[in-house]
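This report concerns only the one structure given below.
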Amino acid sequence: MTISEYSPPPYSSENTEENKDYLSRLNTEQRNAIETTDGPLLVLAGAGTGKTRVLTTRFAHILLTGRAKPWQILAVTFTNKASREMRERVNAILGTETERLWLGTFHALCTRMLRQHPECAGLTHNFTILDTDDQLRLLRQVMEPWHIDTKRWPAPGLMGVIQRWKDRGLTPSAVTDAEDCDFAAGHARAIYAAYQTRLRELDACDFGDLMLHVTEMLRTHPEILAHYQRLFRYILVDEYQDTNTVQYLWLRLLARRQGEVSNICCVGDDDQSIYSWRGAEIANILRFEQDFPGAQVVRLERNYRSTRHILGAAAGLIAHNTERLGKTLRTGRDDNQPAAKVVVTGVEDSEIEALAICTEADSLHRQGHSLAEMAILVRAGFQTRAFEERLMQTGLPYRIIGGTRFYERAEIRDALAYLRLLHNPADNLAFERIINVPKRGIGPASLQKLHTASRSEQVPLFAGTEMMLSRGELKGKIAEHLNSFVSALLSTQSLLQREGHVQAAEYLLEASGYLDMWRNDRSPEAPGRLENLKELVRALTDFGTLGEFLEHIALVMEHDDKTASEAKLSLMTLHGAKGLEFDIVFLPGWEEGVFPSQRTLDDGGQKGLEEERRLAYVGITRARLHALIYHAGRRRTYTGWQPSMPSRFLDELPEEHVTRKNDGIPRQKSLRDESLFSQGVMNNGHRQGSFSAPSGGPSFQPGEQVTHPRFGNGIVLNVEHTHLEIVFENGQTKRLLSSFVKKI
C-alpha cells in the first residue's frame with residue numbers, strides 16, 4: 001500500500017469534543033507558538049517553559065484543523081524517548097492512535113529514507129548498519145596497506161576523525177586540505193575514502209553514513225528532494241540548538257520548498273547549547289532568521305519549574321553571553337510565595353566541600369526532603385569520586401546518572417589491574433585484563449600459550465612470561481611487546497620501594513603505554529578518561545601504602561546496593577543533567593580552571609567560555625526550590641594542595657538573588673593545575689619537578705606534632721625532602737607527603 005492509498009482512522013467528533021480545550025490550558029506565548037502554523041517559526045523555549053507541550057500540541061493542532069494528514073508532518077527529535085513521549089501525547093490529544101507518522105530521531109528517519117532509495121548511495125534495500133565493533137574491525141583492515149603506527153594513531157582515534165567529517169557533511173572528496181588533519185601520518189583522508197569504498201562493497205554503512213548519504217542524495221537528486229518537499233507540508237524540530245552541520249543541511253534542504261513558504265518550526269534554547277564537543281553548532285539556531293527570511297520568533301519565558309530567585313540568578317548570569325538571541329525567564333508560579341535565594345558557600349578546601357554537601361543532604365533528608373529530589377551536579381566526571389566515597393561513609397543511598405560509579409569505569413578498572421599486578425605479581429586475573437591493553441598483539445592463542453607454560457612451571461602468568469622471554473621461547477613483535485611490558489613492571493617495582501606508591505603508579509601507567517592510548521584516542525570521552533586517571537592517582541595520596549589503597553577499593557567495589565527501591569540522591573555531570581529537574585541542587589567546584597573548565601577555555605577561547613556559562617545556566621535552572629553553589633579555597637591534586645580562585649561566574653550572579661556564606665575565602669591567583677600527563681619525564685625513577693614543596697608551605701622538624709584528616713594525630717619521626725615519616729596514635733607508621741598534614 002502506498003502512502004497516497006493510506007487513509008487514517010477519522011478523528012471522531014466525540015474524541016475531538018473531549019479535547020476541544022487543548023488550547024485553553026496554554027499561556028499566551030505557548031498558544032501563539034501553536035497557532036502560528038504558516039511560515040517559518042522559531043520557538044525560543046527557556047528552561048521549564050513547556051517546550052514539549054508546545055511541540056506535541058502543535059503537531060495535534062495541525063492534524064485537528066485539517067492542515068495536513070499524519071504522514072505529511074516530519075517531526076524530528078534527538079532521542080527515542082522523546083519520540084515515544086511525543087507520539088503518546090499526540091495520541092492523547094487526538095483520542096486515537098495515529099499511524100504512518102514520520103516521527104523519530106534524525107538517524108531513524110534517515111534510515112527510513114535510505115531504505116527507500118538505497119541505490120543513490122550504492123547500496124541495496126537490505127544494507128547492513130554496522131555497530132561500533134564492526135566499524136573498528138573494518139577500519140583496521142583498511143588501514144593495513146598504509147602501515148600506520150597504531151600505537152601512535154589507534155583506529156578509534158581515526159574513526160573519531162572520520163565521524164567528525166561525516167557530522168560536518170563532508171564526503172571524502174569534500175575534505176579539503178584546510179579541513180584535513182595530520183592524523184595517521186597525514187593519510188586520514190585517503191583512508192576515509194578507502195573505508196567508504198569498502199563499506200559499499202560490503203553493502204553496509206555506519207551510523208554516520210545514515211545522515212551523510214541521505215543529505216548527499218537530496219543534494220544530488222532533485223527529483224527525490226522535490227518528492228519529500230511535497231510530502232512534508234510541515235516540519236517540526238526539537239532541541240534545534242543541538243543540531244550539528246549535517247543535520248542542519250538535511251533540514252534546510254527539506255524545508256526550502258521552491259516558490260513556497262517553508263513551514264518549518266524549530267523549538268530550542270540558545271542558552272542551553274552545551275554540546276559543541278560532540279558537534280553541535282549554536283550558529284544553526286542563531287542564524288535561523290537568515291536561513292528562513294520572514295521567520296517569526298516566539299519566546300517562551302514563563303518558567304513553571306523554579307522560584308523567582310533561581311530564575312533571576314540564572315538570567316543575570318546568562319546575560320553576560322553575547323552569542324544569544326535574548327530572552328528573560330520569569331516565574332509562572334505564585335510569585336507571592338516565599339522563596340529561598342541561591343546560596344553561594346565558600347569552603348576551605350575540596351575535602352571540606354564534599355563533607356559539607358553530603359552533611360547538608362543528610363540534614364535535609366532528616367527534615368523530610370526526599371533524596372530522590374536532590375542532585376549533586378559536577379562539571380567533570382572525575383569529581384564524583386570524592387562525593388561517592390563520602391556518601392558511602394554517611395550511608396546515604398545514591399545513584400550515578402548518565403555514567404557508572406567512579407571505580408567501575410573501564411579506564412579505572414584497567415588502571416587498578418595494573419596496580420594490583422604491581423602489588424601482587426601473582427594476580428593472574430589482573431594480568432589477563434591488561435596484558436593486551438593497550439594492544440600488544442596478545443590474542444587468545446598467545447594467552448593460551450602463556451597459560452600452558454605457566455601451568456607447566458607451576459608459576460603465575462607474569463613469572464611464566466618472564467621465563468619464556470628469558471629462554472627465547474617468544475619471537476617477533478609479541479616478544480618485543482612483552483619485553484617492554486615486563487620491563488615496565490619490574491622498573492616500577494623498584495621505584496615503588498624507593499619513592500612510594502604515588503610516583504610508582506603514575507610511572508607504571510605512563511611506561512605501560514596506557515596513558516598514551518587515551519592521549520591518542522580522538523573520541524570525545526578520552527579527555528574525561530584522562531582526568532579520571534589523574535583523580536585515581538590523586539586518591540592514592542590518601543593512603544600510606546599501595547596495599548592499603550587496594551584494600552580500600554576492594555571494599556568500595558564490594559559495596560552491595562540492596563536498596564533498589566529506595567529513594568536515592570542523584571550524582572551526575574552538568575551535561576547529563578540537561579532535561580532533568582530536582583527540588584534541591586548542589587553545584588560544587590565553581591572555581592577557575594574547574595568551572596569554567598581550563599581545557600575548554602584553552603581549546604575554545606571566548607566561544608568556550610560562553611558555552612561554559614550556558615552550562616552554569618543549565619545547572620542553576622535544574623533546581624525547583626533550592627540551588628546551592630560551592631567553591632573551595634584550594635583543591636588537592638596528586639602533588640598536593642593547589643590554591644583556587646572562585647569562578648568568574650560567581651561575580652556575575654545578581655546580588656539581589658544570592659546569599660553568600662563564608663565568601664571570604666582568599667581570592668588567590670588561580671594556579672593552572674598542569675596536566676598530570678604532560679609534566680617532566682622520569683629521570684632515574686624520579687619525576688623532575690613534580691614533588692617540590694608548595695611555595696610558602698610549612699617546614700617540619702622531627703618531634704613535631706601533626707594531624708592528618710584520615711590517620712589522626714601523630715609525631716614526625718623523620719623528614720626527607722617533601723616526605724615525612726610519622727607515627728600515629730594508633731601505632732601505625734606512615735610515610736606521607738608533607739602537604740597532607742598540618743601542624744598541631
Side-chain angles (χ1 to χ4, degrees), residues 32-34 36-46 51 54-55 58-59 62 68 72-78 102 105-107 109-110 113 166-170 174 179 211-212 214-222 224-276 278-300 321-327 607 610-611 614:
N32 189 20
I34 290 163
T36 304
T37 53
D38 296 327
L41 173 68
L42 176 62
V43 180
L44 290 177
K51 167 183 69 72
V54 166
L55 205 57
R58 180 182 173 88
F59 193 122
I62 291 170
Q72 293 176 320
I73 302 174
L74 178 69
V76 193
T77 67
F78 268 87
W102 282 82
T105 64
F106 282 95
H107 290 91
L109 294 169
C110 282
M113 288 184 176
K166 292 183 178 183
D167 287 344
R168 292 166 58 196
L170 299 175
E179 289 151 336
M211 292 219 64
L212 182 65
V214 173
T215 301
E216 280 297 295
M217 176 184 74
L218 297 178
R219 190 178 63 83
T220 58
H221 291 76
I224 296 178
L225 174 60
H227 163 72
Y228 284 111
Q229 287 177 336
R230 287 192 302 270
L231 177 63
F232 301 133
R233 299 189 61 184
Y234 290 90
I235 298 175
L236 306 178
V237 187
D238 191 15
E239 303 286 9
Y240 190 60
Q241 79 282 346
D242 292 337
T243 53
N244 61 28
T245 301
V246 73
Q247 291 164 345
Y248 162 79
L249 293 173
W250 179 72
L251 287 168
R252 194 174 64 170
L253 281 166
L254 291 171
R256 285 181 164 180
R257 300 188 294 179
Q258 191 68 31
E260 296 184 48
V261 173
S262 298
N263 290 330
I264 181 171
C265 171
C266 293
V267 180
D269 185 1
D270 51 326
D271 291 334
Q272 295 190 73
S273 180
I274 58 174
Y275 296 121
S276 66
R278 67 184 190 195
E281 291 281 353
I282 190 175
N284 295 347
I285 193 170
L286 296 179
R287 66 177 172 224
F288 185 87
E289 292 176 272
Q290 285 76 42
D291 287 334
F292 301 101
Q296 297 188 58
V297 179
V298 174
R299 288 171 168 80
L300 304 183
N321 271 8
T322 58
E323 283 198 329
R324 62 190 300 258
L325 297 170
K327 64 182 177 305
K607 286 183 177 293
E610 295 213 353
E611 179 153 332
R614 291 194 291 271

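Counting from 1, the numbers follow the sequence of the chain as shown. Heavy-atom basis, side chains included; hydrogens, waters and symmetry copies ignored. Fair warning: this is a prediction, and the values are worked out from it, not measured in the lab.
Every residue meeting the side-chain contact (heavy atoms from CB on, under 4.5 Å) condition with E323, not counting sequence neighbours, appears here in chain and number order: I282, L286, K607, E610. In this structure, the ring pair (Phe, Tyr, Trp, His ring centres under 6.0 Å) partners of F292, at least two apart in sequence or on a different chain, are F288. Every residue meeting the side-chain contact (heavy atoms from CB on, under 4.5 Å) condition with V246, not counting sequence neighbours, appears here in chain and number order: M211, T215, N244. The ring pair (Phe, Tyr, Trp, His ring centres under 6.0 Å) test applied to F78 returns F106, not counting sequence neighbours. Partners of A174 under the side-chain contact (heavy atoms from CB on, under 4.5 Å) rule, at least two apart in sequence or in another chain, are L170, T171. Not a single side-chain hydrogen bond (donor to acceptor under 3.5 Å, both in side chains) links E281 to another residue, sequence neighbours left out.
L325 and R299 get closest at one heavy-atom pair: O-NH2, 3.0 Å. Here the closest heavy-atom approach between residue L55 and residue V237 is recorded as CD1-O, 4.3 Å. Shown here for V54 and A33, the closest heavy-atom pair between the two residues is CG1-CB, 3.8 Å. In plain terms, the two heavy atoms of G39 and N263 that are nearest each other are N-OD1, 2.7 Å. A pairwise comparison of heavy atoms in C265 and V43 identifies SG-CG2, 4.0 Å as the closest pair. Contact detail for R58 and I34: the closest heavy-atom pair is NH1-O, 3.7 Å.
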Side chain to side chain donor-acceptor pair (under 3.5 Å) assessment of E611 paired with S276: CA-CA 8 Å; E611 179 153 332; S276 66; 2.8 Å; yes
Derivation of the salt bridge (Lys or Arg N to Asp or Glu O under 4.0 Å) call for K51 and D238: CA-CA 9 Å; K51 167 183 69 72; D238 191 15; 3.0 Å; yes
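Although no hydrogens or angles enter the test, the distance criterion places a donor-acceptor pair under 3.5 Å between the side chain of R256 and the main chain of D291. At distances below 3.5 Å, not a single donor-acceptor pair connects side-chain atoms of Q72 with backbone N or O atoms of Y234. The main-chain N or O of L44 is never found under 3.5 Å from a side-chain atom of D269 such that the two would form a donor-acceptor pair. No side-chain donor-acceptor contact under 3.5 Å links T245 to the backbone of G169. The main-chain N or O of V261 is found under 3.5 Å from a side-chain atom of R257 such that the two form a donor-acceptor pair.
When side chains are defined from C-beta on, V298 counts as touching L41, because their heavy atoms get closer than 4.5 Å. In this structure the side chain of E260 never reaches within 4.5 angstrom of the side chain of Q229, judged on heavy atoms. Using a 4.5 Å heavy-atom threshold, the side chains of E239 and Y275 count as separate. Counting only heavy atoms from C-beta outward, the side chains of L42 and E289 never approach each other to under 4.5 Å. When side chains are defined from C-beta on, L74 does not count as touching Y228, because their heavy atoms never get closer than 4.5 Å. With a 4.5 Å cut-off on side-chain heavy atoms, W250 and V76 count as touching.
Distance check, rounded to the nearest 0.5 Å: OG1 of T77 to CG of L236 gives 11.0 Å. T220 contributes atom OG1, which lies 10.0 Å from atom CG of L225 (distance to the nearest 0.5 angstrom). Between T105 atom OG1 and Q247 atom CD the span is 9.5 Å, to the nearest 0.5 Å. With rounding to the nearest 0.5 angstrom, the CD1 atom of I264 is 6.0 Å from the OH atom of Y240.
Salt bridge D270/K327: present, at least one basic N to carboxylate O contact under 4.0 Å.
Seen from the ring of Y248, R287 counts as a face-on cation partner, given the 6.0 Å and 45° thresholds.
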